[in-house]
Amino acid sequence: MSESTLAEIYGWTLERHILEQQRTVEGATGEFTKLFQQLALAGKIIASRVNQAGLVDVLGVTGETNVQGEQVQKLDEFANQALIRVLEAGGQVCLMASEEVEDPIPIPTKFPRGKYVLMFDPLDGSSNIDVNISIGTIFSVHQRVTDSDAEPALSDCLQPGYKQVAAGYIIYGSSTMFVYTTGQSVHGFTLDPTVGEFFLSHPNIQMPKRGKIYSVNEGNAAKWSDDVRAWVDDFKISDEDRGRPYSGRYIGTLVADFHRTLLKGGIFGYPADNKNPNGKLRLLYEGAPMAMIAKAAGGDASTGTQKILDITPTELHQRVPLYIGSADDVAEVERVLG
Ligand code: AHM
Ligand code: MG
């Protein structure tokens, strides 16, 4: 990398970028900027612990089972606590929800409450923690809809994705990146661990209109509908005019599979199947935030029959079939399943 590019990158921290963006928002109070400072801090704390995996005692399970009926990994629990402790004291949030916690998480009365509702998957890709494969944190930000004098309630969480004011993820991979959108554009920041700051490395990310990669857990094929099987088989045929065959890539961490799809295009799918009629992934802190990012980058996200951002949730931990990626690739799966 040339010195001038380095200078450009080091000129733009995540904080400065958000401050600049907020300057153009009428009536901005600085609360949003502070919320992102807290998210970045939590991300740095989690990244530092992830990077010590194998050296300190953070691998393996806690022995607990979470609300999803899954074994809780030590790092899941650490990430969950890091986010809650940093964000509850920040003063920007009035309610939180986490994949690891059954009910919405109130802010203790000793802390001030802000107007934002934050939902997160603290450590996505749990099955990859112990094997040194990328994992991540996903977050979704809404404004509260209940009266500011009232107690925040579940209804503050159960809002459709198109009402999100921001969404993002932090990927703990070969480097740590913070990717977010407020709806207009998507920006990626890479952590320089020697400085302890996220720097703008991927401004204005655009997803290719069509890709060459499909990403799905084909081990589930026997449980899929004929339509889903036909959709996947179609990627493997030899047809130059239709850009076939596609390459197959599947990491098993949504954040990592989505990050690749965002940068390179193509499609990630986690279909419904005959055992899981709503698929596996959760709407509020997996599907909806990733859908907001995809859309802002020129891509799309769908259940196959409905846009992810249009779904009004009825439950906090609601699951949803998810097809997300390049706009043309998502349009195609909607044609097959619609
Ligand atoms: P998690 O949030 O408990 O880690 O589970 C969600 C993960 C996603 O990251 C990933 O896309 C999917 O589950 C992988 O599921 P599978 O192992 O069934 O392919
Ligand atoms: Mg997850």
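Atoms within each ligand, like the ligands themselves, are counted from 1 in listed order.
Classified by interplanar angle (parallel below 30°, tilted 30° to 60°, perpendicular above 60°), the ring pair F268/Y250 is parallel. Using bins of under 30°, 30° to 60° and over 60° for the plane-to-plane angle, the ring pair H17/H187 lands in the perpendicular bin. The aromatic rings of F178 and Y180 lie perpendicular to each other, with more than 60° between the two planes, well past the 30° mark.
Comment: E31 does not engage K34 in a salt bridge, judged by the lack of any side-chain N to carboxylate O separation of less than 4.0 angstrom. Salt bridge present: D234 and R244 bring a charged side-chain N and a carboxylate O closer than 4.0 Å.
Atom 3 (O) of ligand 1 has as its closest protein heavy atom E99 OE2, 3.1 Å. Counting protein heavy atoms only, atom 5 (O) of ligand 1 is closest to R282 NH2, 3.4 Å. G252 O, 3.3 Å is the protein heavy atom nearest to atom 10 (C) of ligand 1. For atom 15 (O) of ligand 1, the nearest protein heavy atom (residue, atom name, distance) is K280 NZ, 2.9 Å. Looking only at heavy atoms of the protein, atom 14 (C) of ligand 1 is closest to Y250 OH, 3.3 Å. Looking from atom 18 (O) of ligand 1 to the surrounding protein, the closest heavy atom is Y270 OH, 2.6 Å.
Aromatic pair F198/F189: ring centres not closer than 6.0 Å.
With hydrogens and angles left out, the side-chain atoms of Y270 and N220 include a donor and acceptor closer than 3.5 Å. A side-chain N or O of D329 and one of Y246 form a donor-acceptor pair less than 3.5 Å apart. A donor-acceptor pair shorter than 3.5 Å cannot be found between the side chains of Q22 and T33.
Among the heteroatoms counted here (N, O or S) of D121, OD2 is the one nearest to the Mg ion (ligand 2). The Mg ion (ligand 2) is closest to atom OE2 of E286 (considering only N, O or S atoms). With respect to the Mg ion (ligand 2), D124 has OD1 as its nearest N, O or S atom.
Of the N or O atoms in G125, one or more lie within a sub-3.5 Å distance of an N or O in ligand 1. Between L254 and ligand 1, a contact under 3.5 Å exists for at least one N or O pair. Any N or O atom pair closer than 3.5 Å counts here, and N220 shares no such pair with ligand 1. Of the polar atoms of E286, at least one N or O is found under 3.5 Å from an N or O of ligand 1, judged by distance alone.
The side-chain tip of R260 does not point at the ring of F258 from less than 6.0 angstrom away and within 45° of straight on.
In this structure, D124 counts as a contact residue of ligand 1, since one of its heavy atoms falls inside 4.0 Å of the ligand.
Distances below 4.0 Å separate heavy atoms of N217 from the following atoms of ligand 1: 16 (P), 18 (O), 19 (O). Every atom of ligand 1 is numbered from 1 in the order shown, and the set under 4.0 Å from a heavy atom of F268 is 11 (O).
With a 4.0 Å heavy-atom cut-off, ligand 1 is reached by the side chain of D121 but not by its N, CA, C or O.
Judged by distance alone, the side chain of D300 and the main-chain N or O of A331 form no donor-acceptor pair under 3.5 Å.
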